[in-house]
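Hydrogens, waters and symmetry mates are skipped; everything else that's a heavy atom, side chains included, is used.
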Amino acid sequence: MTTNAEESSMIKPHQNMNGKGKVKESSSAALMKIKTYLLALRPWSLSASLVPTILGSAIAYRSVGMNEFNFVIFILTIFTVICVHGAGNVVNTYYDFVKGIDNRKSDDRTLVDDILSKDEVTQLGAILYAAGCVGFIPLFILSPARMEHLAFVYFGGLSSSFLYTGGIGFKYIALGDVLVLVIFGPISVLFAFMSQTGRLEWMTIYYAIPLALNTEAILHSNNTRDAENDKKAGIVTLAILIGRTASHVLYAILMFTPYSVFVVISVKYSYWFFLPLVTLPQAFKIEKQFRSETTLQSVPKKTAKLNLFFGALYVVACFCAPNLPFIAQRY
């Protein structure tokens, strides 16, 4: 026969185990939810904005020197750009689903498979835009750039990230390619450079061109892959307008023109700019996969991965070259 004390000692461990189990379940559910939100941002595509931002910062570093380069500004710049890009991805997910473009064959499964609800996607987009704006406040306080110049570039990029599929919906009227060429290249590089130096240096746009073309290759491969579904949904993209054969030609131009640019720059200015050509064999492999319907599905992600390595080597070249053409150095 057990006493009350013995009964309570037998019950408590069981209760504690249930409590720990519930805690583990809730923490596991929270982690899964965070992972779901992160996947909704399409992290594989974030290199398209991250690399140009780092490039602009690298050019600024070479221009002002280590003593004037502000690493806090660098972190804030990356934070604001990534927030805006992530928010733009979420907006794209929402409007593609609402307009009936995303279906069971789509690459983005966030709303198609009810991984997140439409309200959750909307809230995530609003949080990211708000976080980007919050990050912009200390950025313009610390930056030597004039507030109106910095704000014009930042909010221009923010508006464009929304209008790509929201509002006017440039993506749906064959103008998405133009928007991507401007945002994920010149705007990102210019914003990062100006945040550090305070100067509006238009010559930085030349440095953005190889990355802009490479990033446009990501979008164009995505639109070529989805051309049939997009056509059924009643939207118009450049890939639909020019057809499959011309789309392949354009993809090849977007992929290989940057390498040609680097060969010219290397011969004329510094051999360091040969460095990104290390990725050329992989570019040929991906271009070959673009030609086949069976392998086209994975091309956008592979192009984005190539963009990351290609851009990283480009940044290294800018750091190591004896001097950067067209960019004035103050040290």
### Query
Mind checking whether I209 and V315 sit in one hydrophobic cluster, side chains of I, L, V, M, F, W, Y counted as touching below 4.5 Å?
yes

### Message
Would K302 and S221 count as a side chain to side chain contact (heavy atoms under 4.5 Å, CB included) here? Give the steps.
### Response
CA-CA 10 Å; K302 288 182 178 179; S221 62; over 6 Å; no

### Query
At their closest point, which heavy atom of L241 faces which heavy atom of A174, and how far apart are they?
CD1-CB, 3.7 Å

### Heavy-atom check, side chain of L41 versus side chain of L128, under 4.5 Å
yes

### Ring geometry between Y61 and F69 (parallel below 30°, tilted from 30 to 60°, perpendicular above 60°)
perpendicular

### Task
Would you check, one step at a time, whether the test side chain to side chain contact (heavy atoms under 4.5 Å, CB included) holds for I286 with V299?
CA-CA 6 Å; I286 298 173; V299 167; 3.9 Å; yes

### Query
Are the side chains of M194 and L150 in touch, meaning some heavy atoms are under 4.5 Å apart?
yes

### Message
Exactly one of T245, T224, I242 should register a side chain to side chain contact (heavy atoms under 4.5 Å, CB included) with L250. Which one does?
### Response
I242

### Query
Are side-chain heavy atoms of F256 and E287 found at a separation under 4.5 Å?
yes

### Task
Could you grab the distance from atom OG1 of T53 to atom CD1 of I82, nearest 0.5 Å is fine?
6.5 Å

### Query
When rounded to the nearest 0.5 angstrom, what distance separates CD1 in I78 from NE2 in H85?
14.5 Å

### Message
If hydrophobic clusters are built from ILVMFWY residues whose side chains come within less than 4.5 Å, do L238 and I240 share one?
### Response
no

### Query
Short question: side chain of T303, backbone of I218 - any donor-acceptor pair under 3.5 Å?
no

### Query
Counting distance only, does the side-chain N/O of H220 pair as donor-acceptor with the main-chain N or O of S247 below 3.5 Å?
yes

### Query
Out of T165, T237, D96, which one pairs with K171 under the side-chain hydrogen bond (donor to acceptor under 3.5 Å, both in side chains) rule?
D96

#### Entry: Minimum heavy-atom distance between F273 and S266, given as atom pair plus value
C-OG, 2.9 Å

### Query
Side-chain contact, heavy-atom cut-off 4.5 Å: F310 with V278?
no

### Query
Of the non-hydrogen atoms in Y95 and G166, which two are nearest, and what is the gap between them?
CE1-CA, 3.5 Å

### Query
So, does S188 use its side chain to make a donor-acceptor pair with the main chain of F184 at under 3.5 Å?
no

### Query
Roughly how far apart are E228 CD and E293 CD, rounded to 0.5 Å?
8.5 Å

### Task
Can you see which heavy atom on T204 is nearest to which on E201, and at what distance?
OG1-O, 2.7 Å

Show which side-chain atoms of residues 134-148 pair as donor or acceptor with protein atoms under 3.5 Å away, not counting sequence neighbours.
from	atom 1	to	atom 2	distance (Å)
S143	OG	A145	N	3.1
S143	OG	S195	O	2.7
R146	NE	E148	OE2	2.9
R146	NH2	E148	OE2	2.5

### Query
When you measure from the side chain of T197 to the backbone N and O of F193, does any donor-acceptor pair fall under 3.5 Å?
yes

### R62 (side chain) donor-acceptor with F319 (main chain) under 3.5 angstrom
yes

### Task
Determine, stepwise, if the pair Y164 / I183 fulfils side chain to side chain contact (heavy atoms under 4.5 Å, CB included).
CA-CA 11 Å; Y164 177 68; I183 297 175; over 6 Å; no

#### Entry: Any donor-acceptor N/O pair, S47 side chain to L50 backbone, under 3.5 Å
no

### Message
I'd like to know if I265 and Y271 are part of one continuous hydrophobic network [Ile/Leu/Val/Met/Phe/Trp/Tyr, side-chain heavy atoms within less than 4.5 Å].
### Response
yes

### Query
Counting only N and O atoms by type, is there a donor-acceptor contact under 3.5 Å from the side chain of T122 to the main-chain atoms of K118?
yes

### Task
Going by the side-chain hydrogen bond (donor to acceptor under 3.5 Å, both in side chains) test, name the single residue among N223, N222, N229 that passes it with R225.
N222

### Message
Taking CZ in F155 as the centre, count heavy atoms belonging to other residues, nucleotides or ligands within less than 6.0 Å. Is the count above 12?
### Response
yes

### Message
Let's go through L158 and F162 carefully: what are the C-alpha distance in whole Å and the side-chain angles of both, what is the deciding distance for side chain to side chain contact (heavy atoms under 4.5 Å, CB included) to 0.1 Å, and is it a yes or a no?
### Response
CA-CA 7 Å; L158 186 150; F162 178 81; 5.8 Å; no

### Query
Is a side-chain N or O of T80 found less than 3.5 angstrom from the main chain of T77, in a donor-acceptor match?
yes

### Six-ring centre of F290, R244 cation under 6.0 angstrom, axis tolerance 45°
yes

#### Entry: Side-chain (E120) to main-chain (S117) donor-acceptor, under 3.5 angstrom
yes

### Task
Starting at OH of Y94, measure out to CG of D119 and round the result to the nearest 0.5 Å.
8.0 Å

### Query
Are I127 and L46 joined in one hydrophobic group, where the rule is that I, L, V, M, F, W and Y side chains link up if heavy atoms are under 4.5 Å apart?
no

### Summary
Minimal heavy-atom distance between P276 and L313, with the atoms involved, is CA-CB, 3.9 Å

### Task
For the residue pair Y314 and F309, establish whether any side-chain heavy-atom pair is separated by less than 4.5 Å.
no

### Task
Spell out, as yes or no, whether a donor-acceptor pair under 3.5 Å connects the side chain of S159 to the backbone of G156.
no

### Task
Taking the side chain as every heavy atom from C-beta outward, state whether N89 and S45 have any atom pair closer than 4.5 Å.
yes

#### Entry: Closest non-hydrogen atom pair between A217 and Y251, with its separation
O-CE1, 3.5 Å

### Summary
Output for pair (D177 CG, L254 CG), nearest 0.5 Å, gives 8.5 Å

### P322 and Y269, any side-chain heavy atoms less than 4.5 Å apart
no

### Message
Quick check for you: to the nearest 0.5 Å, what is the distance between T279 atom OG1 and N307 atom CG?
### Response
9.5 Å

#### Entry: Parallel, tilted or perpendicular: rings of F71 and F74 (30°, 60°)
perpendicular

#### Entry: Path from Y207 to V261 over hydrophobic side-chain contacts below 4.5 Å
yes

#### Entry: Non-hydrogen side-chain atoms of F274 and F262 separated by less than 4.5 Å
no

